[in-house]
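Here is the structure we will look at.
Read the numbers this way: they start at 1 and go in the same order the structure lists the ligands and their atoms.
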Amino acid sequence: MTSLSPQLCLLERLCNAIAISGDEGEVRRIVLEETRPLADTVRVDALGNVLVAKRASKRNPLKVLLAAHMDEVGFMVVSDEGDGFYQFETVGGLDVSQLAGKAVLIGKDHIPAVIGMKPVHLASEDDLKRKLTLDSLRLDTGRKNSKVQVGDRVGFATQFRRTGNSIFSKALDDRLGVATLIELLRHAPENIDLLLAFTVQEEVGLRGAKVAAHALAPDLVIAVDSTPARDLPAHDGRENTVYNTKLGLGPAIYIVDSSTLHNPRLVKHFAATGDAEGIPYQFRQPGGGGTDAGAMHQQLAGIPALSISVPGRYAHTPIGLCRLDDWQNTLRLLHAGLSHMTPSLLKR
Ligand SMILES: [Zn+2]
């Protein structure tokens, strides 16, 4: 499609922005700046979703909605304890046992802080056995900072890095999807009405997607996300044969997850597109987790839905890892699959 570096710059900007659920403004600003020159209409709804339309050049086109969520998991300041210490809550699915000692940024000014806990030197044997709980942790800014307010969102401080074919970053879930949608708009297929929803509050229950699907009333929806890859070597040294997705095998097409039974015609269409165009893809193995498709397919009178994700390791931690070529192949598969869509795709 285009040369790589502008795409990577966009992904880097999106990943380094902080957009914890319910406070997606930093990512929304980038999305608005990128989509306004390319789309026929761009609007922001009452929840903060960005809704974009690029009309087909042909008559009676399919209305295809692609959704990617702008929000990421993180924290919220809930109480000021003085001297730069703050109590906090998690926002979205996070494992509390992984949080101690992590660098974070608080609020719109990105005030640096660390998640503090009792040092290991002073921990008793009981302390070390006990499961870490949120009330034993504090945000520590080092000194009182008058700009930190109760309600401020807090994100991981990790900066985007690329080495060769690997990308290390926070929030690849789902800035990969957000960047993908912007790139598809740049090369919008002319055979469909391309509708895009950059959604809010996915990580706290697919909330933005519900109203976005309602507002745009598409013929079909595709959630574009990053799916956790569990492809580490098995602990006993044997080959891991129970991975759900694997890095390097291409975009993951979903058949089923805990929120959606994906539409078989759409699954078949994208698999056939991959086969015909020589684009690698994999089927995501059944398991937990869900995408915006879970909320969207139940709106209006029901909407056929599919999810296609870029596999990524270590989702919902300070640093995820994905492959550049998996992302590029996700873009290629989506672009080719959309370009070959006709209304007969959904006929029974
Ligand atoms: Zn996600």
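D292 and H69 form no side-chain donor-acceptor contact under 3.5 Å, judged by distance and modelled atom types alone.
In plain terms, the two heavy atoms of V78 and V150 that are nearest each other are O-CG1, 3.7 Å.
For the pair R284 (side chain) and A252 (backbone), a donor-acceptor distance under 3.5 Å is absent.
Atom CG of L185 sits about 8.5 Å away from atom CG of L181, to the nearest 0.5 Å.
Metal site remark for the Zn ion (ligand 1): D225 contributes an N, O or S atom at a distance under 2.8 Å.
The Zn ion (ligand 1) sits nearest to atom NE2 when only the N, O or S atoms of H69 are considered. The N, O or S atom of D173 lying closest to the Zn ion (ligand 1) is OD1.
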